[in-house]
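Numbers restart at 1 for each chain; the letters A, B, ... are given by sequence-line order, proteins then strands. All values reported here derive from a predicted model rather than from experimental measurement.
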Amino acid sequence: MTDFLSSLNEEQCQAVTATEGPLLILAGAGSGKTRVIAHRIAYLIAERGVAPWHILAVTFTNKASQEMRSRVDQLLKGLELNSAPLISTFHSLCVRILRRDIQALNEGYTRSFTIYDQDDSLRLVKNCIKDLGLDDKQVGPRAAQSAISAAKNRGQDPDSYAARAEHIDEKRASIARVFILYEERLRNNNALDFDDLLIKAVRLLRDVPEVREKYNDRFRYILVDEYQDTNSLQFALVSFLTEKQQNICVVGDPDQSIYKWRGADVTNILNFEQHFPATKVIRLEQNYRSTQNILDVASAVVKHNIERKEKSLWTQNPPGERIRYYQAMDAESEARFVAARIEEHRAAESDLRAAVLYRTNAQSRVFEEAMRRANLAYNIVGGFSFYERMEVRDIIAYLKLALNPNDSIALQRVINSPPRGIGKLTLDEIERHAKDYGVSYWETISLLTAGGPQRLSQRAIAALKNFQSIILHLSKLTGPPLAPSPLVGRVGVGLGDADLSPIPSPQAERGEGTAADPSGSPTVREGVDINSAPDHVTVSDSLVSDLVKAAILDTGYENALKGENTDEAEARLENLQELVNAAVDYDEQGAEGLREFIDHSALVSDTDQYKRDAPVTLMTAHSAKGLEFPLVFIVGLEDGLFPHSRAAADAAELEEERRLCYVAMTRAERFLYVTHAVKRRVYGQELASEPSQFLNEMPLELIEDLSRGNSWLAFARGSSTLKDDGELKSHRETKARAQYAGKTYDSVESIADFFRNRAANMPGGAPNLKSQISSSERKTRNSKLKTSSSQHPTSDTQAPSDFPPGSYVRHAKYGRGLVLRREGVGDSMKLTVSFPGYGQKKLVQKYAGLELA
DNA sequence: TAAAGAAAGTTTTTT
DNA sequence: ACTTTCTTTA
């Protein structure tokens with residue numbers, strides 16, 4: 001009955017059937033990795049008789065776990081099962097574990113902890129900076145937050161960070177102080193940030209043998225997707241979970257490691273065999289996704305990485321079309337080109353799915369507009385997610401408050417939204433008292449309204465009482481009793497029997513809804529553990545949707561919006577309606593309760609809500625990992641954008657950018673377009689931009705040029721065939737071109753042309769690597785550019801010691817380069833020069849020893 | 001206190 | 001360019 005294996009190739013088969021012991025699957029792009037994991041899970045259940053709930057599959061994104069879940073359901077269709085495998089992200093797995101067992105950690109946390117997402121955590125950091133009396137210009141909340149997060153991920157606690165920080169500089173010492181206060185407040189608020197979810201779960205497994213034992217017994221087969229992107233905490237988590245059984249299967253591709261900046265450690269996959277001695281290694285090297293040409297171009301690019309294990313990815317697919325290239329005038333015309341092309345493709349094949357991949361979210365806007373204008377239904381991934389909308393977060397904050405009024409972060413968020421007469425003065429007064437008494441804002445408010453010593457107006461008192469009654473009303477609905485003060489909570493409750501009950505899988509929790517699921521997913525009838533709610537973790541009888549409605553109506557939120565009578569308010573109301581809909585869906589799935597709904601809203605990211613069959617999907621290259629599309633556009637392939645300028649300084653980071661480019665290209669099944677613009681607006685300023693070095697690393701013969709007029713590509717082709725033009729010498733040899741790490745020659749030429757047409761020198765402006773074009777000069781450039789690319793300057797002779805932008809200079813080490821901009825005067829005059837092969841350099845003219853060339 | 005106007009920071013990628 | 005945050009004014 002099961003021909004799970006018949007559709008798999010030899011290696012895939014091995015990967016599915018090698019069920020016992022550690023297994024490392026090195027799976028190249030498009031080699032059927034997800035299929036293998038799904039089949040493996042199904043095989044374990046159907047062929048090896050493993051109880052589904054002994055299986056754990058971990059992914060990074062909810063999107064990936066949804067995908068996995070639906071594939072597994074598909075394979076197991078028709079089987080009568082009484083549990084389901086747990087397919088979860090790292091973060092929600094940790095939430096699950098912690099919601100059950102965090103009290104065993106004895107750190108004062110209770111099972112009703114709240115999760116602070118990025119935004120909450122940033123607020124808290126801001127508060128800490130303010131309360132420490134630090135100058136937030138010097139410390140910078142964002143920088144502090146990311147420093148703290150990085151430290152936490154390195155496994156440092158505030159003390160060890162502080163110990164190190166004391167001796168470095170004042171700024172770090174300040175951050176250390178913020179860190180200490182931040183951690184203290186998290187604890188006092190019974191709150192965990194994203195990092196804590198992993199940290200506490202790891203600590204729990206490490207320090208409490210009974211808990212570790214329990215989960216080892218529960219999860220007998222563990223699978224980890226995208227293993228190349230795990231960080232040290234995730235590695236620790238997996239190691240502890242599989243300590244006993246060692247049935248650990250990880251899947252990954254070092255070439256697709258793109259999250260080093262977030263602490264991912266590619267040595268986790270490279271050294272897997274050392275960590276798990278009996279490891280079996282299987283390589284999946286046949287690509288089923290892309291055409292030969294696409295694969296060739298992508299491979300050619302990633303081959304430029306030095307730090308890389310060579311591997312052979314091959315395909316039996318036909319060569320397909322060449323990949324297509326377009327040089328646009330600016331971002332708008334780039335977007336217009338993409339939209340027009342998508343229309344053409346879809347005219348020929350109406351159900352062709354397209355993806356537009358960019359490096360930064362900021363680029364999405366123009367594409368969004370172009371799609372709208374072209375009447376193409378598009379789907380945007382990233383940017384502001386639904387749950388990040390102000391009004392949605394406000395309502396969630398009300399609900400959080402209802403569950404735990406001591407959550408001061410949530411309280412601050414909504415105490416005066418909608419406006420109810422609680423202004424800055426009143427808030428300051430609350431803050432002052434809260435600090436004096438060392439209690440939460442909520443408790444402070446109770447003291448103040450009960451007539452404690454204060455200097456608030458009657459009006460303010462009345463406003464506070466009003467707010468109080470709103471929250472009390474809401475918490476009555478969400479279910480009694482109010483949360484105990486975190487620190488007085490039931491610390492040290494042992495592991496009761498309830499804790500040993502299995503963790504319900506997502507399906508089990510959504511429940512019995514699955515039984516009625518028309519898609520026929522496996523029937524799940526696992527005791528949704530009733531006895532797991534000694535706390536008020538999941539107490540309420542009310543429907544989540546009713547609670548959400550109450551939070552919108554009874555707080556006056558809806559009325560305030562209705563009163564505004566603006567389009568914006570209208571849109572917000574619609575979003576709130578969406579939130580109610582989401583809650584209704586949730587209720588229908590038989591979900592567990594408000595707490596989980598709120599957790600979900602914190603952990604779900606926008607990346608997860610992409611609709612698989614949208615005609616056009618707009619997203620970052622990062623978000624595209626794991627997806628595939630027949631038609632793919634990689635846009636903004638410009639130096640400083642992709643690769644991003646922040647990565648340019650560091651060779652390792654540049655290689656990560658290149659892998660990112662590889663990931664983006666290998667999303668394409670049949671058609672791949674690469675585009676760049678000659679100029680684009682950044683921070684509201686027009687900047688000239690040069691083609692990405694990654695374009696230069698693609699085999700030119702596999703590229704078709706669709707640009708109008710003279711493009712960089714036309715020039716690059718020309719330059720590789722021209723024989724004896726001295727100016728082009730360095731570009732004659734293909735090899736030299738292939739290893740070319742810096743600017744492209746001809747675009748520099750075109751910029752030279754532009755500069756030569758300038759009357760005056762650039763005034764020193766923002767320190768940007770790119771050259772600046774003022775709007776008055778833009779027209780000159782536009783009209784010039786058409787003719788400029790193929791011309792060869794013989795640069796105007798200048799006074800020997802003067803190097804105006806547009807002139808060529810020779811440098812002892814870097815050779816010949818083009819002066820892009822000049823700033824400063826006299827001895828401090830600095831030049832930004834573009835050297836082929838070395839990129840852009842900033843030189844102090846006096847010391848650089850330049851000569852005109 | 002709230003609304004309107006001015007200044008400053010923002011954009012790398014995300015659970 | 002755009003959004004957030006601070007400052008001014010009614």
Could you please name the option among [options] that lies closest to any side-chain atom of [X]?
| X | options | answer |
| --- | --- | --- |
| A:F194 | B:dT15, C:dA1, B:dT12 | B:dT15 |
| A:R365 | B:dT11, B:dT14, C:dC2 | C:dC2 |
| A:R262 | C:dC2, B:dT11, B:dT14 | B:dT14 |
| A:T89 | B:dT15, C:dA1, B:dT11 | B:dT15 |
| A:N416 | B:dT10, B:dT14, B:dA2 | B:dA2 |
| A:T426 | B:dT12, C:dA1, B:dT1 | B:dT1 |
| A:R459 | B:dT12, B:dT13, B:dT1 | B:dT1 |
| A:R646 | C:dA1, B:dT12, B:dT14 | B:dT12 |

inquiry  = What I want to find out is whether A:E558 reaches A:K562 closely enough, with some N-O distance under 4.0 Å, to be called a salt bridge.
reply    =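 Yes, this pair counts.
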ask   = Which comes earlier along DNA chain B counting from the 5' end, the contact point of A:A647 or that of A:D195, where each point is its nearest nucleotide?
value = A:A647
task = Could you say whether A:E653 or A:G421 is positioned toward the 5' end of DNA chain B, judged by the nucleotide with the nearest heavy atom to each?
result = A:G421
Look at [X] and [N] and indicate whether a side-chain polar atom (N or O) is within less than 4.0 Å of OP1 or OP2.
| X | N | result |
| --- | --- | --- |
| A:N361 | B:dT13 | yes |
| A:N231 | B:dT15 | no |
| A:S623 | B:dT14 | yes |
| A:S92 | B:dT15 | no |

d([atom1], [X]; [atom2], [N]) in whole Å:
| X | N | atom1 | atom2 | value |
| --- | --- | --- | --- | --- |
| A:D117 | B:dT14 | CG | P | 15 Å |
| A:K424 | C:dC6 | NZ | C1' | 11 Å |
| A:I415 | B:dT1 | CD1 | P | 12 Å |
| A:E332 | C:dA1 | CD | P | 11 Å |
| A:Y662 | B:dT13 | OH | P | 24 Å |
| A:L122 | B:dG9 | CG | C1' | 13 Å |
| A:H600 | B:dT15 | NE2 | C1' | 14 Å |
| A:Y227 | B:dT15 | OH | P | 20 Å |

Check every strand shown and say whether [X] touches a base, only sugar-phosphate, or nothing at a heavy-atom separation below 4.0 Å.
| X | answer |
| --- | --- |
| A:K260 | nothing |
| A:L198 | nothing |
| A:F642 | nothing |
| A:R142 | sugar-phosphate |

Side-chain donor/acceptor pairs under 3.5 Å, residues 364-371 of chain A, sequence neighbours excluded:
from, atom 1, to, atom 2, distance (Å)
A:S364, OG, A:N361, O, 2.9
A:E368, OE2, A:Y378, OH, 3.2

message = Does atom CZ (A:R459) have a neighbourhood of more than 12 heavy atoms from anything else shown, all under 6.0 Å?
response = no
Sequence neighbours excluded - side chain to side chain donor-acceptor pair (under 3.5 Å) pairs with any residue from residues 257-266 of chain A = A:D265-A:T267
A:R99 to A:F113, cation-pi by 6.0 Å centre distance and 45° axis angle = yes
message = So, using ring-ring contact (aromatic ring centres under 6.0 Å, His included) as the criterion, who are the partners of A:F235 when residues are at least two apart?
response = A:H275
inquiry  = For A:F90, give me all partners under ring-ring contact (aromatic ring centres under 6.0 Å, His included), at least two apart in sequence or on another chain.
reply    = A:F60
ask   = Partners of A:S417 by side chain to side chain contact (heavy atoms under 4.5 Å, CB included), sequence neighbours excluded?
value = A:D394, A:V414
task = Can you label the angle between the A:Y586 ring and the A:H600 ring as parallel, tilted or perpendicular, going by 30° and 60°?
result =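 The arrangement is tilted - the two ring planes meet at 30° to 60°.
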Output a table of nitrogen or oxygen pairs between the protein and nucleotides 8-10 of chain C separated by less than 3.5 Å.
none

ask   = Counting only distance, no hydrogens or angles, is the base of B:dT12 paired donor-acceptor with the side chain of A:H644 under 3.5 Å?
value = no
request  = Please confirm whether any donor atom in the side chain of A:Q118 sits under 3.5 Å from an acceptor in the base of B:dT15, or the reverse.
outcome  = yes
message = Between the base of B:dT15 and the ring of A:F90 - centre-to-centre under 5.5 Å, planes within under 30° - is that a stack?
response =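 Stack criterion not met.
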